[in-house]
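Numbered from 1 within each chain, the chains take letters A, B, ... in sequence-line order.
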Amino acid sequence: MTALTDLTIKQALDGLNNGDFTSVELTNVHLDAIESAKELNAFVTNTPEQALEQAKASDTKRANGEVGVLEGIPIGMKDLFCTEGVQTTASSKILEGFTPQYTSTVAQNMFDQGAVMLGKTNLDEFAMGSSNMTSAFGNVINPWKRNNDNKDIVPGGSSGGSAAGVAARIMMGATGTDTGGSIRQPASFCGITGIKPTYGRCSRWGVIAFSSSLDQPGPFARTVEDNAIMLQAMAGFDKKDSTSVNRDVPNYMSAMTGDIRGLKVGIPKEYRVDGMPEEIESLWQQGIAWMKDAGAEIVDISLPHTKYALPTYYIIAPAECSSNLARYDGVRYGMRVNDGGNLDDMYEATRAAGFGDEVKRRIMIGTYVLSAGHYDAYYNKARRVRKQIWNDFNQAYKKCDVILTPTAPSAAFAMDDDMNDPIKMYLNDVFTVPASLAGMPGISIPAGLDKDGLPLGLQILGRPFDEETVFRTAGVLEEAANFTAVPQLIVQKAA
Amino acid sequence: MTELIQGETGTWEMVIGLEIHAQVTSNSKLFSGAATAFGASPNSQVSLVDAAMPGMLPVINEYCVEQAVRTGLALNAKINLTSVFERKNYFYADLPQGYQISQFETPIVGEGSIEIDLADGSTKTVEIERLHLEQDAGKSLHDQHPSKSYVDLNRSGNALMEIVSKPDLRSADEVASYVSKIRAILRYLGSCDGNMDEGSMRCDVNLSIRRPNDELGTRTEIKNMNSIRFIKQAIAYEASRQIDIIESGDKVVQETRLFDTVTGETRSMRSKEDANDYRYFPDPDLLPLVIEQSFVDAINDNMPELPDEKKHRYINDYGMNAYDASVLIAEKSRAEYFEIVVKNRDAKLATNWLTTELLGALKKAEKDIEDSPVSAEQLGGLIELISNNTISGRIAKEVFAEMFETSADAITIVEEKGLKQVTDTGAIEAIVDEVLADNPDKIEQYKSGKDKLFGFFVGQVMKKSQGKANPAMVNQLLQDKLK
């Protein structure tokens, strides 16, 4: 029999439904798995007692015939989602020990649908990073390793703990947030599936803000179908979030018909970037071939402002974050460093001690681009370019239904490979950032391995609020790719 | 009226523009559901949003938007159907978010104008630049502990309307009537209670001086004024300070100043150089605020009568002069009082009795019209007694003084004290004859041309009748008999 930790969410829901096992059993198996995979550092906070309580409650609910979309499923919660009574840190020292009195809408939606929270997963500090190396609570380690060495590999970021945890089979699914690729890139690096929904699809209320106009919660899981189940539970209008969009949530599970005949798949010529590894190019070609084989029509498209997307993103996101993070001032909650000076001294000491380098770097960039004399040259120009990027997609979607691209320009890198050059790190987001700026949905699914045996992802982008077509296409791609490789960690354990 | 100031080197003119911060009278805050009662215990009216807890998001309060639109319409201003909330970024302990949500480039209300009433009964039009909605900050309390400051967030997030005038004002008196008119408009609308002493209406004064009609000079901004009296004092001080600087060959520094109510002086708070760079940018947590024309129209259809409309109606319907009309409309409560008094009664008497006797007595007693010992109905009763000749105007003043003292009805006092006017011709004639008999010498003088003595005879008759003789009848009889 397959280990319970190897089940997909769908299989687990069926098993629970058939009475093959209980949520408490399922949860205990995962809690044990977490214990044996501690070296991954996937969690900032473990909540085993709460998980077992929720599992018990879920079993009771199920016995009473109340069955939510995620009834009894153990998941990880990115530590950016506020959870009542459970420390929520954004992986920053400045929020260490902060325990909210409220639960974010997305987390509450999931709990209402029966989700069991195993703990709060590690991330790049305030979701700023592409490697999970900026966490104040230590980096997360990717369960994958290269074939030829034993170096620790990064899980990607910012939702690194969630992605690594799902890949390592210590949770069945997890929440993430995607600002410029923080779901799709780690999904790609960890060989799992993750979707960034359309901006406004999932509520941001109670999610610690990085860049408000870009942040969007979304799920990780090991299959496309599991992502559809997770998103079903997470999504929905929230009147507490003014940017949340009031439209019905379709049935994502039934969107996966397996039929994409006649679907127009756009291939953007601007996504062939210099220095991209040959194997990523060939994986992309393979993806195109799979789409064709499934009866889709391939359309060449152009997204002419793609090359401006990264610089635009690295103006808008820091600008917003410089303002969003002003509230961490030591006055009301979280860390306070007070050396007896005046108010400004307290601010400086608190923020100097509480924020890590990457966060400080982005606050400084953001403050600079918004300051008098630079505002028009940077922030305003970036806003105009952002509109052009949005327009690129709108034009493209007149010719195609979805867009197929690689998720990231490389496989996951080792901890010591690329750490000292922030610009190089920023380039990781080159394929994910444009859709973030345009607010459009995108999914990453594992489609192959590189020469070192590390997973590579393909990305499918869709029209705003057309997650259904994204899921349908991704389902077909998933079947064609038949990605069955598992992380070395799992292989070692099985041995 | 431009009030010119005589300096050492010639005359100067002051140029003043005002920013009035008016707290929207609303049960809940601009972007959170928290309550807004004044005087509640510290930090008892604070939601998670107001305290800027992680992950909290603002949601616009539609009622506050409606009040801003109503106020904009009352200022005869353009309503912008699309407006944008921006963040004004700065650090302070009583600003939990580290930014204030305000409107910068695109306010909800654009240009408008109001009429202000000047002391000589004339009016002046003052242009309004804009009105925008913004959040209030909390309050820092520095006097509660020897070394610590306390923060009260009750006010944090309250909705403010900032009403910005163009630099159209030229004297402290004009500023005073501008502030009074804005306050009256807000109170008529009910969009703000206008209580300056509670801080629900505060005012920043931008002032510069120049040679009459010359180019604008460098201005200073006097922050956070909360009484008209202090505003006038601050303007007088600041104008003469600026004149002294320029006349001694120096330059006025553009800066923010505070008025010290103890010394009556303004002092520098911060100069332009250390001014914050507020890094305004559109708040990404809020979409642009879009309202429908039909929303504006519906508000417009339900506007109350506003001070100036009332004023013009009083002038037209009651034949009132502009000065009296402006006095009566200056306070909503005053106009309401007047409208009860004047109902089915003589408008001229009602106007005079209210503007001179009642307001005079209230001022002396330091009372507001809301607390008047004489109710509007009671004053109306007194006027009726004058109109139907039950008492004379002179007796009425006595009766009024009694009413003000005891809150009794006029008729009760008149009856108790037997103050009814004598209108019996025979009785009056007897007194007239008596007076004439007592003063043959005066008759002589009168007849030889000293017309002014007529008043002496009237006075003697009234005195003898204890003021109760009908003055018109006395006049008539005396004229007949002195022919």
Among [options], which residue has the highest count of heavy-atom pairs closer than 4.5 Å to chain B?
options                            : value
L325(A), L80(A), N324(A), N380(A)  : N324(A)
A209(A), G206(A), S323(A)          : S323(A)
R204(A), H374(A), K239(A), Q101(A) : R204(A)
T243(A), L95(A), T88(A)            : T243(A)

Checklist entry - Which residues in residues 328-347 of chain A have any heavy atom lying under 4.5 Å from a heavy atom of chain B? => result Y328(A), D329(A), V331(A), R332(A), Y333(A), L343(A), Y347(A)
Checklist entry - Does anything in residues 360-370 of chain A get under 4.5 Å of chain B by heavy atoms, and if so which residues? => result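 Contacts with chain B: T367(A), L370(A).
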Quick one, [X] and [Y] - any side-chain contact, counting heavy atoms below 4.5 Å?
X       : Y       : answer
C82(A)  : M53(B)  : no
K240(A) : L57(B)  : no
R279(B) : Y379(A) : no

Tell me whether the count of non-hydrogen atoms from other residues, nucleotides or ligands lying under 6.0 Å of [atom1] in [X] goes above 12.
X       : atom1 : answer
R351(A) : CZ    : yes
N27(B)  : CG    : no
Q293(B) : CD    : yes

Proximity breakdown for [X] and chain B, heavy-atom pairs closer than 4.5 Å:
X       : result
A319(A) : backbone
S371(A) : both
L214(A) : neither

Next on the checklist: If you count heavy-atom pairs within less than 4.5 Å of chain A, which of Y278(B), Y280(B), F281(B) leads?
Outcome noted: F281(B)
Checklist entry - Roughly how far, to the nearest 0.5 Å, is CD1 of I60(B) from OG of S242(A)? => result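 If we round to the nearest 0.5 Å, S242(A):OG and I60(B):CD1 are 8.5 Å apart.
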Item to check | OH-CG distance between Y375(A) and D277(B), expressed to the nearest 0.5 angstrom | outcome: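 Here the interatomic distance stands at 11.0 Å.
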Checklist entry - In residues 87-108 of chain B, which residues are in contact with chain A at a heavy-atom separation under 4.5 Å? => result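 Listed by number: R87(B), N89(B), F91(B), Y92(B), A93(B), P96(B), Q97(B), G98(B), Y99(B).
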Checklist outcome for this item: Smallest heavy-atom separation, P282(B) atom then R383(A) atom, equals CG-NH1, 3.4 Å
Next on the checklist: Quick test of your reading: applying ring pair (Phe, Tyr, Trp, His ring centres under 6.0 Å), list the pairs with at least one residue in residues 30-56 of chain B, sequence neighbours left out, ordered by first then second residue.
Outcome noted: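 Non-adjacent pairs meeting ring pair (Phe, Tyr, Trp, His ring centres under 6.0 Å): F31(B)-F85(B).
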